[in-house]
Amino acid sequence: MFLTRVLVLLVARLAVVSGFGMVQPPIAASMAASRSATRGAATARAPSAVRMAMERTYIMIKPDGVQRGLVGEILQRFEKRGYQLKGLKLYTASEELLRQHYKDLVEKKFFPDLLSYMLSGPVCCMVWEGENAVKMGRQMLGATNPQESQPGTIRGDYSIVVGRNICHGSDSPENAEIEIGLWFDEDELCAWESHSKDWVYE
Ligand code: IDP
Ligand code: MG
């Protein structure tokens, strides 16, 4: 009888030591999760050899996008992708500003139509920052002609003709900086660190 009790106690002790059959208390589980998260974050902070430079791009929702209630949808796509919003405003453009912004297109036959389209209502100006933001921004917008844009892109999902193609995106990092300077004053841009940074980048 005594021996049986000793045996039972020994088995129970062994089970505790090995953790067999034990339900992990919530606090221990949360500590373990937190330790593994910390490990993840430590790995995440290690610089990657293929890491590209952070870049800013100028994205603008044109008057048709604003009128059609697509501001939230477009903002959300960039936010969900992981890009960081650095500047945002609704703005009524002037002809002078548009002539500067589209300076390479002023001689085009369609320029007067483009001008009146862009002057027809407010636009939504945005600066997004992140890795390869210019190229990825153009990819998210889709082709200039919506009928050549892939479904899943903004133009491919929400527009049909080139003269109402919803959005603008800078075509090079150099032009992005020029456009940001054209559409925003320096004090309209916010310097802030995203708490999601280590969960978006490795
Ligand atoms: P992008 O906006 O994709 O960079 P761009 O060639 O820079 O394309 O042209 C600027 C904008 O001018 C276009 O987004 C579109 O609104 C307008 N546009 C371009 N080509 C045409 C055209 O052939 N007909 C009418 N509008 C055009
Ligand atoms: Mg362009």
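Every heavy atom of this structure was used, including side-chain atoms; hydrogens, water molecules and symmetry mates were not. Numbering of residues begins at 1 and proceeds along the displayed sequence. First listed ligand is number 1; within each ligand, the first listed atom is number 1.
Residue, atom and distance of the protein heavy atom nearest to atom 19 (C) of ligand 1 are Phe110 CZ, 3.4 Å. Here the heavy atom of the protein found nearest to atom 7 (O) of ligand 1 is Leu105 CD1, 4.0 Å. Shortest contact from atom 4 (O) of ligand 1 to any protein heavy atom: Arg138 NH1, 2.7 Å. Ranking protein heavy atoms by distance to atom 2 (O) of ligand 1, first place goes to Arg155 NH2, 3.2 Å.
A heavy-atom distance below 4.5 Å is not found between the side chains of Leu88 and Cys125. Side-chain contact between Tyr201 and Met54 is present, with at least one heavy-atom pair separated by less than 4.5 Å. A 4.5 Å side-chain heavy-atom check between Asn165 and Tyr117 finds at least one atom pair inside the cut-off. A 4.5 Å side-chain heavy-atom check between Tyr58 and His101 finds at least one atom pair inside the cut-off. With contacts defined as side-chain heavy-atom distances shorter than 4.5 Å, the pair Cys167/Lys62 does not qualify.
Counting the atoms of ligand 1 from 1 in the order shown, those under 4.0 Å from a heavy atom of Leu114 are 12 (O), 16 (O), 17 (C). Below 4.0 Å from some heavy atom of Tyr102 lie the following atoms of ligand 1, by number and element: 10 (C).
Residue contacts with ligand 1 for Lys62 involve side-chain atoms from C-beta outward but no N, CA, C or O (heavy atoms, distance under 4.0 Å). Residue contacts with ligand 1 for Val162 involve both N, CA, C or O and side-chain atoms from C-beta outward (heavy atoms, distance under 4.0 Å). Contacts of Asp104 with ligand 1, taken as heavy-atom pairs under 4.0 Å, are absent altogether.
Between the side chain of Glu55 and the backbone N or O of Glu131 there is no donor-acceptor pair closer than 3.5 Å.
Assignment of Asp171 to the shell around ligand 1 is not supported, since no heavy atom sits closer than 4.0 Å. The closest approach between a heavy atom of Met60 and any atom of ligand 1 is not below 4.0 Å.
Side chains of Ser194 and Gln84: no donor on one and acceptor on the other come within 3.5 Å.
A salt bridge does not link Lys108 with Asp113: every distance from a Lys NZ or Arg NE/NH1/NH2 to an Asp or Glu carboxylate oxygen is 4.0 Å or more.
For ligand 1, the polar-atom distance check finds an N/O of Asn165 within less than 3.5 Å of one of the ligand's N/O atoms. Geometrically, ligand 1 and Thr144 share a nitrogen or oxygen pair separated by less than 3.5 Å. Taking only nitrogen or oxygen atoms, main chain and side chain alike, Cys167 does not reach within less than 3.5 Å of ligand 1.
Cluster membership check: Ile154 shares its hydrophobic cluster with Val66, using side-chain heavy-atom separations under 4.5 Å among Ile, Leu, Val, Met, Phe, Trp and Tyr.
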